[in-house]
Amino acid sequence: MLQRCAFNVVRQLARHQVTDASSLVLERSLNRVQLLGRVGQDPVMRQVDGKNPVTIFSLATNEMWRSGDSDTFASGDISQKTTWHRISIFRPGLRDLAYQYVKKGARIYVEGKLDYGEYTDKTNVRRQATTIVADNLIFLSDSVKEKI
């Protein structure tokens, strides 16, 4: 008897469709990116029809590893891979600050979220783009020349 009652409750719950927005259960999720690297080009500011201005620049990050026998740290060749990231800043104060002070070669820390989008290029070909939408910047150096 108890099993039949429990089965009916489960069956009713399985059939139940949410029609009221207030009864929706919201799950927490995370989309967070942290990058530390060097700026590849001076920022540009773009906007379409005077709306949604955005500052855009590229950031290079490097990954290094040693090939060869993993037991001996000193042996093996050092390999390096550079990855380029497209950084977009929409937040008004940060966008203007980045446009004014971020320069090619500067070492910066960027926090933001990963965003995927599509656009049509000049030849009407649909392309996909991955962008880091930044919401925080930390300037670690002015430029490469500061090191020299």
Asker: Once you round to the nearest 0.5 Å, how far does NZ of Lys81 lie from CH2 of Trp65?
Answerer: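 CH2 of Trp65 is found 7.0 Å from NZ of Lys81.
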Asker: Which distance, rounded to the nearest 0.5 Å, do you find between the OG1 of Thr131 and the NE2 of His85?
Answerer: 12.0 Å
Asker: I need the Met45 CE to Asp96 CG distance, nearest 0.5 Å.
Answerer: 5.0 Å
Asker: Are Val44 and Phe57 connected into the same hydrophobic cluster when the rule is that any two of I, L, V, M, F, W, Y join if their side-chain heavy atoms are below 4.5 Å apart?
Answerer: no
Asker: Please determine whether side chain to side chain contact (heavy atoms under 4.5 Å, CB included) holds for the pair Leu97 and Leu137, giving the CA-CA distance in whole Å, both sets of side-chain angles, and the decisive distance to 0.1 Å.
Answerer: CA-CA 10 Å; Leu97 186 78; Leu137 288 179; 5.9 Å; no
Asker: Heavy atoms only: give me the nearest Pro43-Tyr99 pair and the separation to one decimal.
Answerer: O-CE1, 3.7 Å
Asker: Is the number of heavy atoms from other residues, nucleotides or ligands within 6.0 Å of CD (Gln128) greater than 12?
Answerer: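 Result for CD/Gln128: open.
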Asker: What closest approach, in Å, do Arg38 and Gly105 show between heavy atoms, and which atom pair accounts for it?
Answerer: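 Looking at all heavy atoms of both residues, the shortest contact is NH1-O, 2.8 Å.
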Asker: To the nearest 0.5 Å, what is the distance between CD1 on Ile89 and CZ on Arg95?
Answerer: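 Rounded to the nearest 0.5 Å, the CD1-CZ separation comes out at 9.5 Å.
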Asker: Grab the two heavy atoms, one from Gly40 and one from Trp84, that are nearest each other, plus how far apart they are.
Answerer: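 Closest heavy-atom pair between Gly40 and Trp84: CA-CZ3, 3.4 Å.
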Asker: Does any non-hydrogen side-chain atom of Leu35 lie less than 4.5 Å from one of Ile132?
Answerer: yes
Asker: Salt bridge between Arg32 and Asp135, side-chain N to carboxylate O under 4.0 Å?
Answerer: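 Here Arg32 pairs with Asp135 in a salt bridge, since their nearest N and O are under 4.0 Å apart.
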Asker: Are Phe90 and Val110 connected, step by step, through hydrophobic side chains (Ile, Leu, Val, Met, Phe, Trp, Tyr) whose heavy atoms are closer than 4.5 Å?
Answerer: no
Asker: Could you tell me whether the side chain of Ile87 reaches within less than 4.5 Å of the side chain of Val102, counting heavy atoms only?
Answerer: no
Asker: Atom CG in Asn136, atom OH in Tyr109: separation rounded to 0.5 Å?
Answerer: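 So the CG of Asn136 and the OH of Tyr109 are separated by 7.0 Å.
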Asker: Which pair of heavy atoms, one from Lys51 and one from Gln47, lies closest together, and at what distance?
Answerer: O-CB, 3.5 Å
Asker: Considering all heavy atoms of both residues, which atom of Ile56 and which atom of Ser88 are nearest to each other, and what is their separation?
Answerer: CG1-OG, 4.0 Å
Asker: Can you name the closest pair of heavy atoms from Thr82 and Ala60 and give their distance?
Answerer: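 Thr82 and Ala60 have their closest heavy atoms at CG2-CB, 3.9 Å.
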Asker: Are Leu94 and Val33 linked, directly or through intermediate hydrophobic residues, by side-chain heavy-atom contacts shorter than 4.5 Å (ILVMFWY only)?
Answerer: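 Per the 4.5 Å side-chain linkage, Val33 and Leu94 are co-clustered.
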Asker: Find the distance between CD1 (Ile108) and CG (Leu140) and round it off to the nearest 0.5 Å.
Answerer: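 Separation between the atoms: 8.0 Å.
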Asker: Please examine the side chains of Arg46 and Asn52, heavy atoms only from C-beta on, and report whether any two atoms are closer than 4.5 Å.
Answerer: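 Counting from C-beta outward, Asn52 and Arg46 never come under 4.5 Å.
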